[in-house]
2 protein chains.
Amino acid sequence: MSEQNSSIRRLIQLNICQPSDISEAKAEAERLAAPEFVAKLRQAERLFGAVGDANRMKILLLLSKKEKCVCELESALGMPQPTVSHHLGVLEQANLVKRSKRGRWAFYALTDSPVLDLLRRLT
Amino acid sequence: MSEQNSSIRRLIQLNICQPSDISEAKAEAERLAAPEFVAKLRQAERLFGAVGDANRMKILLLLSKKEKCVCELESALGMPQPTVSHHLGVLEQANLVKRSKRGRWAFYALTDSPVLDLLRRLT
DNA sequence: ATCATAGATTGATATACATCGATATGTAGA
DNA sequence: TCTACATATCGATGTATATCAATCTATGAT
C-alpha cells in the first residue's frame, strides 16, 4: 500500500500520473491475486492454453461440422493416434469438447464455448 | 484421398458414418494445412498463447482502466522489471497492447482486440 | 472365454517457455 | 559530456508441454 519505488514517486512528482492511479492499481492487483480470482485465471489459462495450439485448433475446426471419433481425426490430420488422443484430452479438460463413447468408438463433439466463436472469427 | 485405415472402413461398413463424411473431413483438413491457413493458425497461436498466461491476463486487466508504464505494473504486480517487460513484449507481438514512449517511460495501452472482450467475460 | 481392435495411458525425448539477475540501450537533466 | 535512470535485451536455469512408440484397458465379435 505504501512501499513505492522511486520511479513511481517521480511519475507522481512530474504529474505524469496521480497518486490515486497508483493506489487503484494496487487495489486492483490485490483483487487479481485473491484465491478466488486466481482460480478463475487458472481456468482461463486452461481454456486459452488449449486453443493456443495449431493442431488443437485444427481439431476444433474439424469438429465444427460434425462430431468425430478419434480414428477419423487421426486419418484426416495424419497424426498418430496417441497424439490425437492427447490433444482431445487437453480440449476436454478445458471443456471445449465432450466425449461420448459408443461401442468401441469415442466420439468427440464441440461444446458451445464463446472461445469457439472467437476462433472462427479469427480463422 | 483413398488410403483409409481399417478403423474407418469398419465405421463405414457399420454405417456409423458415411463415406462422404470422411472425404469431407479430408478436404477440410487439406484446407487447414494450406500455407495460407497455416499462417492464420500461427497468428491465432500467438494471440491465444499470449492471453493464456495468468500473469499476462493480470497485466491486461490492469491496463483495462488506463494505460500504464512498466514501473507501475512492476509495482502493482510485485514482479521484477525484466519479467514485466518480457510479458509486455509477448503481448505486443500478439497485438494485444501498443507501446508509446514518453520521455524515459514506456506506456502500454490495450488495443481493441475481441480476445480482450472474451477475457473480461471469463473473469 | 478368447481374440481383435479403438482408444487411453505411460514413459522417454525434445522443444518451448517463464523467470529473473546481469547488462545494454536510450533518454533527460545538469 | 557526464550521470542517473526507465526499460529492453541477454543468458542461464528450471519447468511445462508436444510428440509418439510401447503398452494397457475396455468393448464387441466369434
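Worth saying up front: this structure is predicted, and the values here are computed from it rather than measured.
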Of the listed nucleotides ([options]), which one gets closest to any side-chain atom of [X]?
{"X": "A:Ser85", "options": "C:dA18, D:dA18, C:dA8", "value": "C:dA8"}
{"X": "B:Lys101", "options": "D:dA8, C:dG7, C:dG26", "value": "C:dG26"}
{"X": "B:Arg56", "options": "C:dC20, D:dT19, C:dA18", "value": "C:dA18"}
{"X": "B:Trp105", "options": "D:dT7, D:dT19, C:dG7", "value": "D:dT7"}
{"X": "B:Arg104", "options": "C:dG21, C:dG7, C:dA28", "value": "C:dA28"}
{"X": "A:Cys71", "options": "C:dA8, C:dG7, C:dT19", "value": "C:dG7"}

Take atom [atom1] of [X] and atom [atom2] of [N], then tell me their distance rounded to the nearest Å.
{"X": "A:Gln13", "N": "D:dC5", "atom1": "CD", "atom2": "C1'", "value": "14 Å"}
{"X": "A:Arg46", "N": "D:dT17", "atom1": "CZ", "atom2": "P", "value": "11 Å"}
{"X": "A:Phe107", "N": "D:dT27", "atom1": "CZ", "atom2": "P", "value": "15 Å"}
{"X": "A:Leu77", "N": "D:dT19", "atom1": "CG", "atom2": "C1'", "value": "14 Å"}
{"X": "A:His86", "N": "C:dT15", "atom1": "NE2", "atom2": "C1'", "value": "13 Å"}
{"X": "A:Glu45", "N": "C:dC17", "atom1": "CD", "atom2": "C1'", "value": "13 Å"}
{"X": "B:Arg99", "N": "D:dT7", "atom1": "CZ", "atom2": "P", "value": "10 Å"}
{"X": "A:Ile59", "N": "D:dA18", "atom1": "CD1", "atom2": "C1'", "value": "12 Å"}

Task: A:Arg31 with A:Glu28: basic N within carboxylate O range, under 4.0 Å - done: yes
Task: A:Glu72 bridged to A:Lys66 by N-O distance under 4.0 Å - done: no
TODO: Please state whether the base of D:dA8 and the side chain of B:Gln81 form at least one donor-acceptor pair under 3.5 Å?
DONE: yes
Task: Flag, side chain of A:Glu45 to backbone of B:Ala54, donor-acceptor distance under 3.5 Å - done: yes
Task: First encountered from the 5' end of DNA chain C, between A:Glu72 and B:Gly49 - done: A:Glu72
Task: Along DNA chain C (nearest heavy atom to each residue), the more 5'-positioned of B:Arg10 and B:Met79 - done: B:Arg10
TODO: Scan A:Leu61, A:Leu60, A:Leu91 and name whichever one has a side-chain contact (heavy atoms from CB on, under 4.5 Å) with A:Leu110.
DONE: A:Leu60
TODO: Give B:His87 one of three labels, base, sugar-phosphate or nothing, depending on what nucleic acid heavy atoms sit under 4.0 Å from its own.
DONE: sugar-phosphate
- [ ] With heavy atoms under 4.0 Å as the rule, sort B:Pro80 into base, sugar-phosphate or nothing.
- [x] sugar-phosphate
Task: A:Tyr108 vs C:dA6: side-chain N/O to OP1/OP2 distance below 4.0 Å - done: no
Open item on the list: On DNA chain D, does the nearest nucleotide to B:Leu14 precede the nearest nucleotide to A:Ser7 from the 5' side, or the other way round? Give the residue.
Closed with: A:Ser7
Task: Spacing of CZ belonging to B:Arg10 relative to CD1 belonging to B:Ile16, to within rounding of 0.5 Å - done: 10.0 Å
Task: Co-membership, hydrophobic cluster, residues A:Val90 and A:Met79, 4.5 Å side-chain - done: no
